[in-house]
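Before any comments, here is the structure.
These figures come from a predicted structure and were not determined experimentally.
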Amino acid sequence: MNKLNRAKQAQVIAALVEGTSVNATVRMTGVAKNTILKLIADLGTACAAYQHRALRNLTCKRIQCDEIWQFCYAKEKNVPAEKRGQFGYGDVWTWVAIDADTKLAASWCLGTRDAGTAYAFVQDLAARLANRVQLTTDGYRVYLNAVEDAFGSQVEYAMLVKMYGADRGGEAQYSPAECIGCREVIVSGRPDPQHISTSFVERQNLTMRMSMRRFTRLTNGFSKKIENHAHALEIHYMFYNWCRVHQTLRVTPAMEAGLADHVWTIEEMLEKLGV
């Protein structure tokens, strides 16, 4: 059976994690599309298993959470009637928690924008932390019960509620509405007002959109299958945490968090994961 050598595997993954689409990667590398999709599935599964084990007992101090929207198969309004209401068709949301100091992506969850996904996401985050943290989320109300159930009173929790002006029309319809102010709401404990912020996790949302073609707006590179979307997320966060040098830190988030002692190459990542 033919199998890609390590150098060719690394070439394919390097293209994908820098925002190249699958079809463009086929043209660049000469590797068959089905082979690339098989590599994405195998590596995504391995990345998920590794980080599930490695991201434990994290000594984070300040955590920021947010959700980022994308669609799979088709936009919500264009989903066929027989597929409406099924997860993986239409809107999908990625919930992300980032350490404001090390920029480590500590937890993420793919699902819908509802209380059930919020509960699963915050429970996973709480299970990965070794100490009390300051937590900031946006004003989405489903966080209230999710955080209370996961952390109880053992958290310094605040919401940053942003207020927006009228939606833009015309050529600016894809731009966010203008933020005209924000309000800090202390929910639990005594969070430091100077660190009530979601700026770092919102900046990480931009990194996701730039690094995964599946998340780039106004293209046809969106995911057609939710399984491939999930695998691409796992590969992105593996590369982001362990291989990608953060421009401000000058090291990877995993190094800053004490989880690694050097920058991993993609070849090393593939070797460690046994793909």
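Scanning for ring-ring contact (aromatic ring centres under 6.0 Å, His included) contacts around His236 gives an empty result, with sequence neighbours left out. Under the side-chain hydrogen bond (donor to acceptor under 3.5 Å, both in side chains) criterion, Trp242 pairs with Gln51, sequence neighbours left out. Applying the ring-ring contact (aromatic ring centres under 6.0 Å, His included) rule to Tyr73 yields the partners Tyr89; only residues at least two apart in sequence or on another chain are considered. Partners of Asp66 according to the salt bridge (charged side-chain N to carboxylate O under 4.0 Å, His left out) rule, which considers only residues two or more places apart in sequence or in another chain, do not exist here. Under the side-chain hydrogen bond (donor to acceptor under 3.5 Å, both in side chains) criterion, Lys272 pairs with no residue at all, not counting sequence neighbours. The side-chain hydrogen bond (donor to acceptor under 3.5 Å, both in side chains) search around Thr137 returns Tyr157, not counting sequence neighbours. Under the side chain to side chain contact (heavy atoms under 4.5 Å, CB included) criterion, Lys224 pairs with Phe222, sequence neighbours left out. Qualifying side chain to side chain contact (heavy atoms under 4.5 Å, CB included) partners for Asn131, counting only residues two or more places apart in sequence or in other chains: Thr59, Val133.
Residue pairs meeting the salt bridge (charged side-chain N to carboxylate O under 4.0 Å, His left out) criterion with at least one member in residues 195-210, sequence neighbours excluded: Lys162-Glu202. For residues 14-27, the pairs satisfying side-chain hydrogen bond (donor to acceptor under 3.5 Å, both in side chains) are Asn23-Lys33, with sequence neighbours left out. Listed by first and then second residue, the salt bridge (charged side-chain N to carboxylate O under 4.0 Å, His left out) pairs involving residues 234-262 amount to none (not counting sequence neighbours).
A heavy-atom distance below 4.5 Å is found between the side chains of Leu110 and Phe87. Residues Phe215 and Leu233 have side chains in contact (heavy-atom distance under 4.5 Å, counting atoms from C-beta outward).
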Would you be so kind as to tabulate the donor-acceptor pairs closer than 3.5 Å made by side chains of residues 138-151, with sequence neighbours excluded?
residue: Asp138; atom: OD1; partner: Tyr140; partner atom: N; Å: 3.1
residue: Tyr140; atom: OH; partner: Arg113; partner atom: O; Å: 2.6
residue: Tyr143; atom: OH; partner: Glu67; partner atom: OE2; Å: 2.7

